[in-house]
Amino acid sequence: MTNKTFAIIKPDAVNNRYTGKIYDRILQTGFTILSAKLLKMTLAQAEGFYAVHRERPFYGELTTFMSSGACMVLALEKENAVAAWRETIGATNPEEAAEGTIRKDFATSLGENAVHGSDSDENAEKEIAFFFTESELISNK
Ligand code: UDP
Ligand code: MG
């Protein structure tokens with residue numbers, strides 16, 4: 001059974017012109033792209049999206065960065081999508097990310113780490129709904 005995850009190609013990666021390379025990794029790793037759009041978040045949107053981290057010391061820096069430029073948001077589908085995408089992107093800190101992962105190859109730093117990935121099925125559903133309406137998602141059924 002397939003399920004969904006939510007990804008962001010973050011502003012550092014878009015700025016560094018890695019959007020196409022990362023999009024290709026997504027396709028080559030076997031994900032189905034249910035929807036994708038390029039957008040620039042407002043600070044309020046970034047604060048809402050990362051609300052779970054609001055008590056963390058990096059919250060201000062993170063939300064400022066995420067609203068600093070264009071990013072691409074994607075709804076992805078695959079078997080065990082959440083775990084598969086986390087494996088594809090690698091550890092949060094690119095210095096700790098495994099060879100061949102997206103963060104190893106394209107991230108700038110711990111904060112500006114190229115991509116986002118949901119951490120659970122429940123959060124994936126919430127994060128997809130934060131950026132996409134149901135009718136924007138491709139239905140394969
Ligand atoms: N982050 C940061 N400093 C830290 C930890 C995280 O700037 O010490 C940023 C980084 O961009 C990360 C995001 O906050 O991707 C969310 O953190 P989380 O722990 O959820 O990592 P992720 O799930 O993205 O791997
Ligand atoms: Mg996380």
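Hydrogens, waters and symmetry mates play no part in the numbers below; they use all other heavy atoms, side chains included.
Using a 4.5 Å heavy-atom cutoff, the side chains of V115 and F106 are not in contact. Considering only heavy atoms from C-beta on, M66 stays 4.5 Å or farther from H116 through its side chain. T92 has its side chain within reach of R86: a pair of non-hydrogen atoms, C-beta onward, lies under 4.5 Å apart. Residues M72 and I22 are not in side-chain contact: their nearest non-hydrogen atoms beyond the backbone lie 4.5 Å or more apart. Counting only heavy atoms from C-beta outward, the side chains of L39 and F131 approach each other to under 4.5 Å. In this structure, N113 and T108 have side chains that are not in contact, with every pair of non-hydrogen atoms separated by 4.5 Å or more. Contact check for E112 versus K10: no side-chain heavy atoms found under the 4.5 Å cut-off. The side-chain heavy atoms of M41 and I8, taken from C-beta on, include a pair separated by under 4.5 Å.
In the displayed structure, E61 atom CD is contacted under 6.0 Å by at most 12 heavy atoms of other residues, nucleotides or ligands.
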Worksheet item: Yes or no on salt bridge (Lys or Arg N to Asp or Glu O under 4.0 Å) for K104 and E99, after CA distance, side-chain angles and deciding distance?
Response: CA-CA 6 Å; K104 174 76 177 182; E99 290 296 327; 3.6 Å; yes
Item to complete: Take D105 and K21 through the salt bridge (Lys or Arg N to Asp or Glu O under 4.0 Å) test and state the conclusion after the steps.
Response: CA-CA 10 Å; D105 293 341; K21 288 195 165 83; over 6 Å; no
Item to complete: Apply the test side chain to side chain donor-acceptor pair (under 3.5 Å) to residues S118 and E127: give CA-CA distance (whole Å), side-chain angles for both, the deciding distance (0.1 Å), then the verdict.
Response: CA-CA 8 Å; S118 306; E127 291 174 358; 2.7 Å; yes
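Put simply, CG on L34 and OG1 on T5 are 10.5 Å apart, with the number rounded to the nearest 0.5 Å. Atom-to-atom distance recorded for I128:CD1 and N123:CG is 11.0 Å, nearest 0.5 angstrom. With values rounded to the nearest 0.5 angstrom, S67 atom OG is found 7.5 Å from K40 atom NZ. From L110, atom CG reaches atom CG of N93 across 5.0 Å, with rounding to the nearest 0.5 Å. Between the CD1 atom of I33 and the CG atom of L76 there is a distance of 6.5 Å, given to the nearest 0.5 Å. In this structure, CD1 in I9 is found 13.0 Å from OH in Y18, a value given to the nearest 0.5 Å.
T88 and T29 make their closest contact through OG1-CG2, 3.5 Å (heavy atoms, listed as atom of the first residue, atom of the second, distance). The nearest pair of heavy atoms linking F65 to P11 is O-CG, 3.5 Å.
One hydrophobic cluster, built from ILVMFWY side chains closer than 4.5 Å, cannot hold both I89 and V82; they sit in different ones. Cluster annotation: I138 is not connected to W85 through the hydrophobic network of ILVMFWY side chains, with a link wherever side-chain heavy atoms come within less than 4.5 Å. Side-chain heavy atoms closer than 4.5 Å link hydrophobic residues (I, L, V, M, F, W, Y) into clusters, and following such links, even through other members, never connects F31 to V73.
Side-chain rings of F130 and F6 stay apart, their centers remaining 6.0 Å or farther from each other.
Every side-chain contact (heavy atoms from CB on, under 4.5 Å) that Y59 has, sequence neighbours left out, goes to E47, Y50, H53, R54, T63.
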